Every structure is written in C-alpha cells, then in structure tokens.
Visitor: 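Mind having a look at this structure? Questions to follow.
From a predicted model like this one, the values you see are computed outputs, not experimental measurements.
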Amino acid sequence: MSRLQVVSGKGGTGKTTVAAALALALATEGKRTLLVEVEGRQGIAQLFETEALPYEERKIAVAPGGGEVYALAIDPELALLDYLQMFYKMGGAGRALKKLGAIDFATTIAPGLRDVLLTGKACEAVRRKDKSGRFVYDCVVMDAPPTGRITRFLNVNDEVAGLARIGPIHNQAQAVMRVLKSAETAVHLVTLLEEMPVQETSDGIAELRAARLPVGRIIVNMVRPEVLDATDLELVRSVPRTAVAKALSSAGLGGARRGGNAEKLVDPLLVQADEYAERHALEHEQRAVLDELGLPVHELPLLAEGMDLAGLYELARELREQGLS
C-alpha cells in the first residue's frame, strides 16, 4: 500500500467522506495516519464532529486496534511562511510580508506556487522521520481537489515551469514530483453509479495516466442495496396486474375486489418496481464502464441513517474488509 493516498472525485460523490474513512481504515492495529485537507472547507472537522482544524497536525480519532488519525488543514499562506523559513530563514520577515498582504498576493497571482505549497506540505509529511529514523506517519491521506482539477493540481512540475526554472522553488517542485510520480503515491477516484460521475472518473483516469501520475483504485460510493434479483426483475416485466393484486390480497393486504386495499396498492408498487428496474439497468451499465477501466473497483454502501461518526467507522470497516488497509 502506497504511503501517500490521494482521494479525488466529482463534486457530490462524497470524496471527503471516503478520504476520512480510508484514513481510519489505514490507521488500524497501532498505525498512525495523517489526513490532509487542501481546499479550506473544513469538511474533515465536520465529519469527525470536532472544532475547525488549525494549521497544525492534531489527533482527531482513534482507530480500531489503537491506531491514531491526525488531521491537518493546509493554509497556503502559512505554508508559504514555512517555506520562506525553511529555505530562506525569513521567519520574522515572512510574518512582516504577511501583514503587508504580500503573501496573499503571491499565492493569488501564482496559483502554481499555491499548488506546490499544498502538495509539498503533504509530501513533507510522507517523508518525515523521527529521531530513531522511523516514519512519523505510516500513511498520509489527502482529500484532494475534484477530478476536473486533480491532474493539474498534482502535476506541480508543469505549474512551476512558468514561475521558476532554477532555484529553491524549482527544486522543491522537483522533490514533490519525485514523490507524486513514484510507487509511494496512489490516486484513488470516488464515483457514484451514475453516468456523469462515471464519465468524469473515466476522463480523470485518462488525464492522470497521460501525466504519468499513479492511479490507484476506483471507489464507488453510496451504493444502494439490491432489493430485487434477476428473477424478481423478470417478474416485474411479465407478471399480470391482476396476479399482483391477488398476491397482495393473499398476504392480508385487503380484499381482491375492485377498489379494495390490494387493488389500490398495485399501481404504486408497479411504478416503484419499474423505477427500480430502470435504475438497476443503468447501474449495471455503469459498472460495466468502470470494469473496462482496468482498475480495482470497491463499493461502499449508502447508509440508511445518513452520515455521522458511527457511519464513518462503518465505512472504514468496509474498506478494511475489501483490502484497502
């Protein structure tokens, strides 16, 4: 398992939830995981039902077996201050620049620099070791930008080409790319069994591969339970309406006379069955499209009770059972 797990997906697919569940799944049996947020939405804090994350690594959860999940919300301006101190020893001067608004100006007019800072902070956490020479974190999970922006975001070397061809910024970008394009990294894409998310996933995988970025797995989120099997679906298409009314009556749902309770239930039930059969067929088609992409595909269930902290642990358990830990 790669040490940097990048999670992306079309908006609305639940990529932040999947990233959080993956961090919990990876932090099992005493392992330590860092969950990184780069978009400033504080989605991680909401999922773990904690206060807004500062620009510091903070423990937010304990995983099964005593593992720990730490979280970090990366602020580009503060990351630039770290950068200035690390490479130029400009701690005090950097803070003065921040007061003058120069850092905000720099990260706004040079979005490539912003991406270098965000990805660089995550890669630094991947490489960081303690005094004994052991990695501080067993894995780093990044809740990354959506699929439409993920390749450009990760391909910071190209972004920096227009900023600096030599010097510390260039060297930093090169160091980041050595991690991002190595076996240490895997980029997972989250989707739903719907046409638009699946198409965006397919396009995103093609772009990542073209940029020679390591694609990991496809995670299908919010999968509805199967209510009817193939035999049931065939019955939906062929069973007479009168037979349905008779079956309902036999089940004690009113008399079979016209206008009885059973009769009133027939049309709504048949409509629901038709809708389910149509959705089942569409989901089957989308699974076939995903299978053709040649990547491992994992599925996470739609939680009937909605997403809360208990649900997050349930998804983490599903990921462990499917071999993502």
Visitor: Tell me if a side-chain donor or acceptor on His188 pairs with a main-chain N or O of Arg217 at a distance below 3.5 Å.
Guide: yes
Visitor: Apply side-chain contact (heavy atoms from CB on, under 4.5 Å) to the pair Cys123 and Leu180, showing each step before the final yes or no.
Guide: CA-CA 8 Å; Cys123 290; Leu180 294 180; 4.0 Å; yes
Visitor: Compare all side-chain heavy atoms of Pro301 with those of Glu318 and state whether any distance is below 4.5 angstrom.
Guide: yes
Visitor: Are Phe135 and Arg128 side-chain neighbours, meaning at least one heavy-atom pair lies under 4.5 Å?
Guide: no
Visitor: For the atom pair CD1 (Ile218) and NE2 (His298), what is the distance rounded to the nearest 0.5 Å?
Guide: 9.5 Å
Visitor: Is any NZ, NE, NH1 or NH2 atom of the basic residue among Glu283 and Arg224 found under 4.0 Å from an Asp or Glu carboxylate oxygen of the other?
Guide: yes
Visitor: Between Glu51 and Arg58, does any NZ, NE, NH1 or NH2 come within less than 4.0 Å of an OD or OE carboxylate oxygen?
Guide: yes
Visitor: Partners of Glu305 by salt bridge (charged side-chain N to carboxylate O under 4.0 Å, His left out), sequence neighbours excluded?
Guide: none
Visitor: Let me confirm one number: the OG1-CE distance from Thr13 to Met196, rounded to the nearest 0.5 Å.
Guide: 12.0 Å
Visitor: Can you tell me how far CG of Leu4 sits from CD of Glu184, rounded to the nearest 0.5 angstrom?
Guide: 8.0 Å
Visitor: Look at atom CD of Glu195 and say whether more than 12 heavy atoms of other residues, nucleotides or ligands are closer to it than 6.0 Å.
Guide: no
Visitor: Is Lys15 salt-bridged to Glu39, cutoff N-O under 4.0 Å?
Guide: yes
Visitor: Flag the pair Val179 / Arg127 as yes when at least one side-chain heavy-atom distance between them is below 4.5 Å, and no otherwise.
Guide: yes
Visitor: So, the side chain of Asp138 versus the backbone of Arg32: is there a donor-acceptor pair under 3.5 Å, distance only?
Guide: yes
Visitor: Contact between Leu303 and Met307 at the side-chain level, heavy atoms closer than 4.5 Å - yes or no?
Guide: yes
Visitor: For Ala45, does its backbone N or O pair with a side-chain atom of Thr50 as donor and acceptor, under 3.5 Å?
Guide: no
Visitor: Where the side chain of Arg287 meets the backbone of Leu282, is there a donor-acceptor pair that is under 3.5 Å apart?
Guide: no
Visitor: Quick check: does any side chain N or O of Thr191 sit under 3.5 Å from a backbone N or O of Val220, one acting as donor and the other as acceptor?
Guide: no
Visitor: In a check of side chain to side chain contact (heavy atoms under 4.5 Å, CB included) between Leu24 and each of Leu315, Leu35, Val69, which one passes?
Guide: Val69
Visitor: Does Glu56 CD have over 12 foreign heavy atoms under 6.0 Å away?
Guide: yes
Visitor: Ignoring hydrogens and angles, tell me if any N or O in the side chain of Gln322 forms a donor-acceptor pair with the backbone of Glu299 under 3.5 Å.
Guide: yes
Visitor: For the CG atom of Leu189 and the CG atom of Leu208, what is their distance to the nearest 0.5 Å?
Guide: 6.0 Å
Visitor: Can you confirm whether Phe48 sits close enough to Leu309 that some side-chain heavy atom of one is under 4.5 Å from a side-chain heavy atom of the other?
Guide: yes
Visitor: Output the distance between atom CG (Leu26) and atom CZ (Arg320), rounded to the nearest 0.5 Å.
Guide: 10.0 Å
Visitor: When you measure from the side chain of Ser202 to the backbone of Val198, do you find a donor-acceptor pair of N or O atoms at a distance under 3.5 Å?
Guide: no
Visitor: Are Leu192 and Ile219 co-members of a hydrophobic cluster defined by side-chain heavy atoms under 4.5 Å apart?
Guide: no
Visitor: Do Leu302 and Val297 sit in one hydrophobic cluster, given that two such residues count as connected whenever their side-chain heavy atoms are within less than 4.5 Å of each other, even indirectly?
Guide: no
Visitor: Count the heavy atoms of every other residue, nucleotide or ligand shown that sit under 6.0 Å from NZ of Lys181, and state whether that count exceeds 12.
Guide: yes
Visitor: Are Met222 and Tyr276 joined in one hydrophobic group, where the rule is that I, L, V, M, F, W and Y side chains link up if heavy atoms are under 4.5 Å apart?
Guide: no
Visitor: Lys59: which residues meet the side-chain contact (heavy atoms from CB on, under 4.5 Å) condition with it, sequence neighbours left out?
Guide: Glu68, Tyr70
Visitor: If you take all heavy atoms of Ile60 and Ala71, which pair is closest and at what distance?
Guide: CD1-CB, 3.5 Å
Visitor: Taking all atoms of both residues into account, what is the closest heavy-atom pair of Cys139 and Ser2, and its distance?
Guide: SG-O, 4.0 Å
Visitor: Can you find a heavy atom in the side chain of Leu312 that is under 4.5 Å from one in the side chain of Thr17?
Guide: yes
Visitor: At what distance, to the nearest 0.5 angstrom, does CG of Leu213 lie from CD1 of Ile205?
Guide: 13.0 Å
Visitor: Would Glu207 and Arg149 pass as an ion pair if we require N to O under 4.0 Å?
Guide: no
Visitor: Do Leu53 and Gln42 pass the side-chain contact (heavy atoms from CB on, under 4.5 Å) test, and can you show the C-alpha distance, the side-chain angles, and the key distance before you say yes or no?
Guide: CA-CA 7 Å; Leu53 297 173; Gln42 290 293 336; 3.6 Å; yes
Visitor: Between Val38 and Phe153, is a side-chain contact (heavy atoms from CB on, under 4.5 Å) present by the stated rule, with each step listed?
Guide: CA-CA 11 Å; Val38 298; Phe153 173 77; 4.1 Å; yes
Visitor: Do Glu37 and Leu72 come within less than 4.5 Å of each other through their side chains, counting heavy atoms only?
Guide: no
Visitor: Can you list the steps and then say if Gln5 with Leu22 is a side-chain contact (heavy atoms from CB on, under 4.5 Å)?
Guide: CA-CA 9 Å; Gln5 307 279 321; Leu22 180 58; 4.0 Å; yes
Visitor: Using every non-hydrogen atom in the two residues, find where Thr151 and Gly204 come nearest and quote the distance to one decimal.
Guide: OG1-O, 4.3 Å
Visitor: May I ask you to decide if Lys10's main-chain N or O and Thr147's side chain share a donor-acceptor pair within less than 3.5 Å?
Guide: yes
Visitor: Could you check whether Glu57 pairs with Lys121 (Lys NZ or Arg NE/NH1/NH2 to Asp/Glu carboxylate O, under 4.0 Å)?
Guide: no
Visitor: Decide, yes or no, whether a salt bridge links Asp143 with Arg41 under the criterion of side-chain N to carboxylate O below 4.0 Å.
Guide: yes
